[in-house]
Amino acid sequence: MEAKLQLDNSGRACIEKCKMVYFLQNIQGLRKIYGSTALRFGSTWHGFMEGYYEYIAKEGWEQRDKAIEAAVVKGRKV
């Protein structure tokens, strides 16, 4: 029995342009390291905010300095 590949429109457009790019991105899960400056900045900012508020939600407002440290750690991961 033959396995069928189901694609959405983005996948179909990608595989038509380059099968290797489709394979690396969608099958192997590889992504470009660098995107646009605006997207990298925005993603990093949201990482900081997520780390900060996750820490506040768990530990409360009393330890804001540690929340900032948690924000930096999360932002760097992004």
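For the single chain, residues carry numbers from 1 onward in sequence order. Below, each value reflects all heavy atoms present in this structure, side chains not excepted, and no hydrogens, waters or symmetry copies.
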Which distance, rounded to the nearest 0.5 Å, do you find between the [atom1] of [X] and the [atom2] of [Y]?
X     : Y     : atom1 : atom2 : answer
Tyr22 : Ile27 : OH    : CD1   : 4.5 Å
Lys66 : Lys58 : NZ    : NZ    : 14.5 Å
Tyr53 : Ile56 : OH    : CD1   : 8.0 Å
Tyr55 : Arg64 : OH    : CZ    : 12.5 Å

Which atom of Ala70 lies closest to which atom of Gly51, heavy atoms considered: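 Closest heavy-atom pair between Ala70 and Gly51: CB-O, 4.0 Å.
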Would you call the rings of Phe48 and Trp45 parallel, tilted or perpendicular, taking 30° and 60° as the class edges?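 Rings of Phe48 and Trp45: perpendicular, as their planes differ by over 60°.
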According to a hydrophobic-cluster definition based on side-chain heavy atoms being under 4.5 Å apart (Ile, Leu, Val, Met, Phe, Trp, Tyr only), do Val21 and Phe23 belong together?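 No: no chain of side-chain contacts under 4.5 Å links Val21 to Phe23.
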Please say which of His46, Glu54, Met49 ends up in a side chain to side chain contact (heavy atoms under 4.5 Å, CB included) with Lys74.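 One option only clears the test, and that one is Glu54.
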Arg76 side chain to Val73 backbone, donor-acceptor under 3.5 Å: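 Not a single qualifying donor-acceptor pair exists.
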Got a sec: does the CZ of Arg40 have more than 12 other heavy atoms crowding it under 6.0 Å?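 Counting neighbours around CZ of Arg40, more than 12 heavy atoms of other residues, nucleotides or ligands fall under 6.0 Å, so yes.
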